Amino acid sequence: MTLALYLLQQIAFYELLSEKVFIVLTLVTFLGLVLGLLSTSLILLIANLLLVSIGAFLLYFDPVIMLTKIKLLLIFAIPMYSVIAFFIKRTLYIRRLLSFREEDIHSYLKFRDPLTGYRTIDSFFSKYQQFVDSLSQSRDASTRLVVVSLFYVDFYDQYFYRNPEATDQMVRDMAETLLFTRNPEELFFYLKKGTFIILSAIYDNELEREKFEKLNDLTKLKLSEIVFKTEQVQNITIRKSDCYISRKTTYTADQVLEYLNRRSETDLAVEYI
């Protein structure tokens, strides 16, 4: 529609205007299209006001001999075409961009949890295999380990039944606590129902193992300090477990999750005893 309007304008004024005025009008129209495509709404408004003011001053207060209709056309050509081009950019171009990126958007939503912003269980299956495969490719003097740590809030269903909004806030607090407690190079996953998985890589020696165990204990302590806030503030109970994956381990992601769940039940039994 814009090209058709532009073409009709050129046909209508080709014989009506002199060569110089026709060239000027063509350039002015083209500049209006470019301005609309490259500007935001605020810049567009300011630029159009300036151009209308400058055009009106030059054509009406300078001795330019020309029909009044042509003067008005030259004054408002840039604003008119810039507004048309701006709305085209906001509709057609942005829609096409979204359609081209639709696959990326679906992939992002599939692998990101909307509540915490952490990776989902589908992402865990992918990243776990990448971490395990990297062990056989590592040439470090010391053997490296992949550690999968599980933290979850006990009695999650009861919390959610009492107050879903307060439960969601509790999960957000847990996610923020993990972010500031754990190491930056670790990957975080949220498996729903207050369950978090952390994927880590450490060196296989006693010192590193001891430091990592202390980090997991600190993480559990920090998570346990979070409260369930309703009419009455209530402390929560955190369960944890971990699994060390070496080069020789053949555990799949499903087997690791099953192992972590069994270990977390042991953590529960030990605390009750």
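This structure is a prediction, so every number in the text was calculated from the model and none was measured.
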Nearest-0.5 Å distance that lies between atom [atom1] in [X] and atom [atom2] in [Y]:
| X | Y | atom1 | atom2 | value |
| --- | --- | --- | --- | --- |
| Thr143 | Asn205 | OG1 | CG | 10.0 Å |
| Leu115 | Asp168 | CG | CG | 5.0 Å |
| Arg162 | Phe155 | CZ | CZ | 12.5 Å |
| Thr195 | Tyr190 | OG1 | OH | 7.0 Å |
| Lys229 | Asn163 | NZ | CG | 13.0 Å |
| Phe188 | Phe151 | CZ | CZ | 10.0 Å |

Relative to the ring of Tyr156, is the ring of Phe160 parallel (under 30°), tilted (30 to 60°) or perpendicular (over 60°)?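 Because their plane-to-plane angle is under 30°, the rings of Phe160 and Tyr156 count as parallel.
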More than 12 heavy atoms of other residues, nucleotides or ligands under 6.0 Å from CD of Gln232: yes or no?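 Not buried by this count: 12 neighbours or fewer within 6.0 Å.
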For atom CD of Gln255, is the number of surrounding heavy atoms from other residues, nucleotides or ligands below 6.0 Å larger than 12?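 Check passes, neighbour count above 12.
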Examine the side chains of Ser149 and Asn216 and answer whether a donor and an acceptor come within less than 3.5 Å of each other.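 A donor-acceptor contact under 3.5 Å links the two side chains.
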Is it the case that Thr116 and Arg172 place a side-chain donor and acceptor less than 3.5 Å from each other?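 Result is no, nothing qualifies.
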In this structure, would [X] and [Y] fall into the same cluster of hydrophobic residues linked by side-chain contacts under 4.5 Å?
| X | Y | result |
| --- | --- | --- |
| Leu179 | Val153 | yes |
| Leu260 | Phe189 | yes |
| Leu223 | Phe180 | yes |
| Phe196 | Ile236 | yes |
| Leu199 | Ile202 | no |

Check whether any side-chain N or O of [X] sits under 3.5 Å from a backbone N or O of [Y] as a donor-acceptor pair, and report yes or no.
| X | Y | value |
| --- | --- | --- |
| Arg239 | Tyr152 | no |
| Glu186 | Asn183 | yes |
| Tyr118 | Ala175 | yes |

Which heavy-atom pair separates Val171 from Gly194 by the least distance, and what is that distance?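 Distance-wise, the nearest heavy atoms are CG2-CA, 4.4 Å.
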Looking at every heavy atom in both Ile245 and Cys243, which two are closest together, and how far apart are they?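 Minimum heavy-atom separation between Ile245 and Cys243: CD1-SG, 3.5 Å.
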Check against side-chain contact (heavy atoms from CB on, under 4.5 Å), Arg119 and Asp113: CA-CA 6 Å; Arg119 301 171 187 267; Asp113 175 71; over 6 Å; no
Full working for side-chain contact (heavy atoms from CB on, under 4.5 Å) between Ile198 and Arg182: CA-CA 9 Å; Ile198 302 176; Arg182 306 295 299 196; 3.5 Å; yes
Give a yes or no on whether a salt bridge exists between Glu213 and Arg209, defined as a side-chain N under 4.0 angstrom from a carboxylate O.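 No.
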Reference residue Ile226; test side chain to side chain contact (heavy atoms under 4.5 Å, CB included); the match among Asn235, Ile238, Thr177: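 Running side chain to side chain contact (heavy atoms under 4.5 Å, CB included) over Asn235, Ile238, Thr177 with Ile226 returns exactly one hit, Thr177.
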Under 6.0 Å between ring centres, would you say that holds for Phe228 and Tyr159?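 Yes, close enough.
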Glu210 and Lys214: salt bridge (charged side-chain N to carboxylate O under 4.0 Å, His left out), yes or no, with the steps? CA-CA 6 Å; Glu210 183 179 350; Lys214 290 182 179 179; 3.7 Å; yes
